[in-house]
Protein chains: 2
Amino acid sequence: MRSLHHPAAGAITLEGVLHALSDPARLQIVRNLDESCPRTCGEAGCPSLPRSTLSHHFRILREAGLVRSERDGVSMRNTLRRDELDKRFPGLLAAVLSQDCGSEAD
Amino acid sequence: MRSLHHPAAGAITLEGVLHALSDPARLQIVRNLDESCPRTCGEAGCPSLPRSTLSHHFRILREAGLVRSERDGVSMRNTLRRDELDKRFPGLLAAVLSQDCGSEAD
DNA sequence: TCAATAGTTCAATATTCTTGAACAATGGGA
DNA sequence: TCCCATTGTTCAAGAATATTGAACTATTGA
């Protein structure tokens, strides 16, 4: 397995972050990581998605700089890079995650 | 020309807004619309893009609910749906547009 | 009516997304 | 140590979306 790529905090782009958050599954994953502690892919909160798709979504999140993935035994420990993101883009993550995404009704 | 589709405020989705903002050209367009008054496509701030590409980007912005496009004579008047967006997703647009997007250096 | 201007739509190519199948890495027995 | 169950990643093929030149539509003015 090639080592997983994590961008430096300064290399995180606004477009990349927005793109990573623009997918329902990835937004759900980030919400889960924000609420609770490190999670494995399987605990991401998207039980209906195939593993390969989940892996793809985690890669997008990782390469956008939102998530750090470290191996922990047989699974991965995924954590939100909250502090770095808040420093790089103050208020952005809070503004996105505070939105009520459940019902689209007016 | 078919009439252009604008979603109702209540039908605007967070994912759609984030996806619309996740493209550099579209983010630039929204920044320009936010700073100044209604603009035509040609005044969008992306002089190097072909017309068809610009039209595509405006369609994404329109169908995501970010921009309202009305015909004004031979051109279009594009306006940011700022009030509706602020009501639907409080603080979101401000948080995105306040980010410094120019230099990615740390 | 003819031409100029502003955008849209179409069509072809290119890039990205989705996902089953194969592969790799770790850890727990026997 | 050798299997093997568990977790993810990578690969590959088809689906979906993005880019853009060319053709088309709508509006205005001469």
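First the proteins, then the strands, lettered A, B, ... as listed; each starts at 1.
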>> With side chain to side chain contact (heavy atoms under 4.5 Å, CB included) as the criterion, how do B/Arg81 and B/Val67 come out once you've worked through the C-alpha distance, each side chain's angles and the decisive distance to 0.1 Å?
In response: CA-CA 5 Å; B/Arg81 295 174 66 177; B/Val67 164; 5.8 Å; no
>> Starting from A/Val17, can I reach A/Phe58 by hopping between I/L/V/M/F/W/Y residues whose side chains sit under 4.5 Å apart?
In response: yes
Whole Å only: how far is the [atom1] atom of [X] from the [atom2] atom of [N]?
X       : N      : atom1 : atom2 : answer
A/Leu4  : C/dA25 : CG    : P     : 12 Å
A/His19 : C/dT15 : NE2   : P     : 16 Å
B/Glu70 : D/dT27 : CD    : P     : 14 Å
B/Arg71 : D/dT27 : CZ    : P     : 5 Å
A/Arg39 : D/dT7  : CZ    : P     : 15 Å
B/Arg51 : D/dT25 : CZ    : C1'   : 13 Å
A/Leu49 : D/dG8  : CG    : C1'   : 15 Å

>> Show the nearest heavy-atom pair for residues B/Glu15 and A/Ser22, with the distance to one decimal.
In response: CB-O, 3.5 Å
>> Per the salt bridge (charged side-chain N to carboxylate O under 4.0 Å, His left out) rule, what does the pair list look like for residues 17-26 of chain A, sequence neighbours excluded?
In response: none
> Within the structure, does a side-chain N or O atom of B/Thr40 lie under 4.0 Å from either OP1 or OP2 of C/dG7?
Replying inline: yes
[options]: which one has an atom nearest the side-chain heavy atoms of [X]?
X       : options               : result
B/Ser52 : C/dG20, D/dA22, D/dT7 : D/dA22
B/Asp23 : D/dT19, D/dT9, C/dT5  : D/dT19
B/Met76 : C/dG7, C/dT5, C/dT9   : C/dG7

>> Using salt bridge (Lys or Arg N to Asp or Glu O under 4.0 Å), reason through B/Arg82 and B/Asp86 one step at a time and then give a plain yes or no.
In response: CA-CA 6 Å; B/Arg82 180 92 207 207; B/Asp86 285 346; 3.2 Å; yes
>> Consider side-chain hydrogen bond (donor to acceptor under 3.5 Å, both in side chains). Of A/Thr79, A/Asn78, A/Thr40, which one does A/Ser69 pass it with?
In response: A/Asn78
>> Give the residues of residues 53-64 of chain A touching DNA chain D, defined as any heavy atom closer than 4.0 Å, sorted by residue number.
In response: A/Ser55, A/Arg62
>> Evaluate B/Glu63 against B/Arg59 for salt bridge (Lys or Arg N to Asp or Glu O under 4.0 Å), listing each step before the verdict.
In response: CA-CA 6 Å; B/Glu63 298 187 347; B/Arg59 179 149 81 114; 3.6 Å; yes
